[in-house]
Every structure is written in structure tokens, then in C-alpha cells.
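What follows is one structure encoded as C-alpha cells, with my remarks underneath.
Start at 1 and go down the list; that is how both ligands and their atoms are numbered.
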Amino acid sequence: MNFGFGQAHAKAHLLGEHSVVYGYPAIIAPLLSLSTKAEVIDSDKTLIETDNFSGTMFQLNYRFSGIYSLLTELLNFFEEPDLTFKLHIKSNIPSKKGLGSSAAYAVAIVKAFCDYFDYHYSDEEVFKIAQISENKNHGRSSGGDTYAVMAEGPIFFDTNKDATILKLDTKAYIVVADSGTAGLTSQAVQLVADNYEKDPETFGNYFKQMGAIAEKGREEIIADDLKDFGRLMTENQNLLAKLGVSTPYLERLIKIALNNGALGAKLTGGGLGGSIVALTDTEAKAAEIKIALNKAGAPESWISKI
Ligand code: PMV
């Protein structure tokens, strides 16, 4: 019996979502407690099973065309277009929350097939194939999520689409909280594109400011200057609101995090719902903020050491 296994984790954008689609840098942290695991096993009939889907390739194409395209491409890549298999995926990354669940699915699947075919891959190869479904899901994807869900540490995703793991010695903790509403990444990316097309000067300028914030943020986090890094996160949030991707639900939680001592807070990921991320410099403070966010109605929240 042949068997393959692959996994990937969730991520949270600390700075630079959306502007990253326009070539500016972003800083993205892994959320290692949330992960997606994929297993491929020999079978005489193809069956794909996830937490909310069970069916054939044909049915998959109807419901999740990004994953369907990814599997088709993978089978062609391994020159086994007629392979039949059972693919089982288990994930505790909530979907539509700006936490990279679609990228984690794609990376876990690619790695599982590489393992199944005993193929030794580079991150670049996994990235290239996984981007097939990400581009289909987001309309236009920067690729930042795909690298972040593979990286063991926070990444600086630069304008050349290269991901560098930041070697940090920092006291930083983040609290990520679900706002209780679904994030709509593809709509958010489209909304920003429409706004940019209508007023390229103003929106282009917002992207540029966000890019400068991410560049500055890299220096601050390397220097462990968390007050300044937090201030940059909140500044980034104000620009995301100007792009049109924030919501009253997100803003309410951001305010609660700041009122409870967060050094900075913002939405994270595509927005229009989804999650927020708040920064602190102690685990105890992170726990206080988490309690305050939960009391305010956040259905789920997670603390992660940076
Ligand atoms: O909502 P998520 O977790 O898929 O993050 C999207 C991040 C964007 O910058 C808005 C899009 C992208 O491709 O980078």
C-alpha cells in the first residue's frame, strides 16, 4: 500500500495584507497551533474527504474548483493523470477567517502527493503548484499566504516575492480573535482592485504607505521595539479601513484589544469579516486581552508567541 502525508499551519498577517498584492512587502507570522493535515492512500476509486465535503473529483470541481485544479495539475506533474486515490484532509484552521486556511489546504495536499510519490521537493516547487488553487480562490494572490503556511517562523515577504524567515529574539505575543463573521478574501481583493481602478492616485498612495509601514516594521520587530511595532499595526489598520476592507465588527474588537492594553491591533488577512490580531509583550497581558475579546463576543481566539 502506498501512502503520503503532508501538513501546513495557519498564519496571521502582522503588516501588509492587500498592499502585498500590489508588490509591497508584508510581515506574516505562523500560527502553529492550527494546522491542516492531508493523507493520500491507494484506492481503486477516487474519493476526497474533508471536514465538510465527501465526494469524487467531478463533485469536487463543482464545489471547490481551486482544489480540483490543484489535484489535476499534481497528477499531471507526476505523470499519473489516471491515478485513483483516497485523499483525506483534516483541519482545525477555521475557514474564511483570514488565517490562510485555503493556502494550508493547498500546501498540505501538494506535500502529501510529493510524499506519496517519494518526491523530494523544494519550498519553491510546493509554492508554484499550491499557487494554482490560491490564484483560483483569491482571483489574484500575492503568494504570501502560501509561503507563510510552510514557514516555521515569521516571514518578511518582499517585493520580489521572496520570503525571508525573520530571525527574532522578541518578547512579542499575538492574540488572534475571530470576529464571528466570515472574511471574504476574493471579494475584498476585488473591492480593493475596483477602488484602485477608480482612483489610482489615492489608493496607490495607500499601498505605498502600507509598504513603508512593513519596511519600518521589519526594523522595529528585529530591534524588539514592540511599542513602535504596535503603533505601526494600528496605523496599518487605519489604511486598511481606507481601502474599504474593515467592518464595524472588526473595529469593535480592535478597540477592545487596545483598551485592554494591546500595543497595536488590526484586522488580519483579507478582511470584510474574519479575524483581528493584537500585539503584546507578555503572555499574561495576552491572556487578559484574550479574555476581554472573548467576553466581547469573539467566538474563538488564539495566543501565539512570535
Ligand atoms: O484572507 P487570507 O488569509 O486569504 O489573506 C489574504 C491576504 C491578501 O493580502 C488580502 C491577499 C494576498 O493574496 O496576499
Original post:
Does an N or O anywhere in Thr185 fall below 3.5 Å from an N or O of ligand 1?
Top reply: yes
Original post:
Any side-chain heavy-atom pair from Pro30 and Val149 closer than 4.5 angstrom?
Top reply: no
Original post:
Any idea which protein heavy atom is nearest atom 9 (O) of ligand 1, and the distance to it?
Top reply: His18 N, 3.0 Å
Subject >> Subset of ligand 1 atoms that lie under 4.0 Å from at least one heavy atom of Gly100 >> reply: 3 (O)
Original post:
Heavy-atom distance under 4.5 Å between the side chains of Leu74 and Ile109, does that happen here?
Top reply: yes
Original post:
Counting only heavy atoms not in Lys305, do more than 12 fall under 6.0 Å of its NZ?
Top reply: yes
Original post:
Using 30° and 60° as the class limits, which term best fits the ring planes of Phe157 and Tyr147: parallel, tilted or perpendicular?
Top reply: tilted
**OP:** Mark up the atoms of ligand 1 that fall under 4.0 Å of a heavy atom belonging to Ser142, in ascending order.
**Re:** 12 (C), 13 (O), 14 (O)
**OP:** Mind telling me whether Phe85 and Phe113 have parallel, tilted or perpendicular rings, with 30° and 60° as the class edges?
**Re:** perpendicular
**OP:** Could you check Thr36 against Gln7 for side chain to side chain donor-acceptor pair (under 3.5 Å), going step by step and ending with a plain yes or no?
**Re:** CA-CA 6 Å; Thr36 300; Gln7 71 171 321; over 6 Å; no
Original post:
Counting each atom of ligand 1 from 1 as listed, which ones have a heavy atom of Leu99 under 4.0 Å away?
Top reply: 3 (O)
**OP:** Among all protein heavy atoms, pick out the one at the shortest distance from atom 11 (C) of ligand 1; state its residue, atom name and that distance to 0.1 Å.
**Re:** Val21 CG2, 3.7 Å
**OP:** Please work out whether the ring planes of Tyr196 and Tyr22 are parallel, tilted or perpendicular, with thresholds of 30° and 60°.
**Re:** perpendicular
Original post:
Is the closest N or O pair between Val189 and ligand 1 shorter than 3.5 Å?
Top reply: no
Subject >> Min N/O separation Val20 to ligand 1 under 3.5 Å >> reply: no
**OP:** Just jot down the ligand 1 atoms closer than 4.0 angstrom to any heavy atom of Lys11, in number order.
**Re:** 2 (P), 3 (O), 5 (O)
Original post:
Of all the atoms in ligand 1, which lie at a distance below 4.0 Å from a heavy atom belonging to Glu17?
Top reply: 9 (O)
Original post:
Does Gly270, backbone or side chain, put an N or O under 3.5 Å from an N or O of ligand 1?
Top reply: yes
Original post:
So which of Leu87, Asp42, Ile41 actually passes side chain to side chain contact (heavy atoms under 4.5 Å, CB included) with Tyr116?
Top reply: Asp42
**OP:** List every atom of ligand 1 that sits less than 4.0 Å from any heavy atom of Ser141, numbering the atoms from 1 in the order shown and giving each element.
**Re:** 13 (O)
**OP:** Look only at interatomic distance and state if His13 has a nitrogen or oxygen under 3.5 Å from any nitrogen or oxygen of ligand 1.
**Re:** no
Subject >> Val20, Leu243, Val21 screened by side chain to side chain contact (heavy atoms under 4.5 Å, CB included) with Phe207, the one that passes >> reply: Leu243
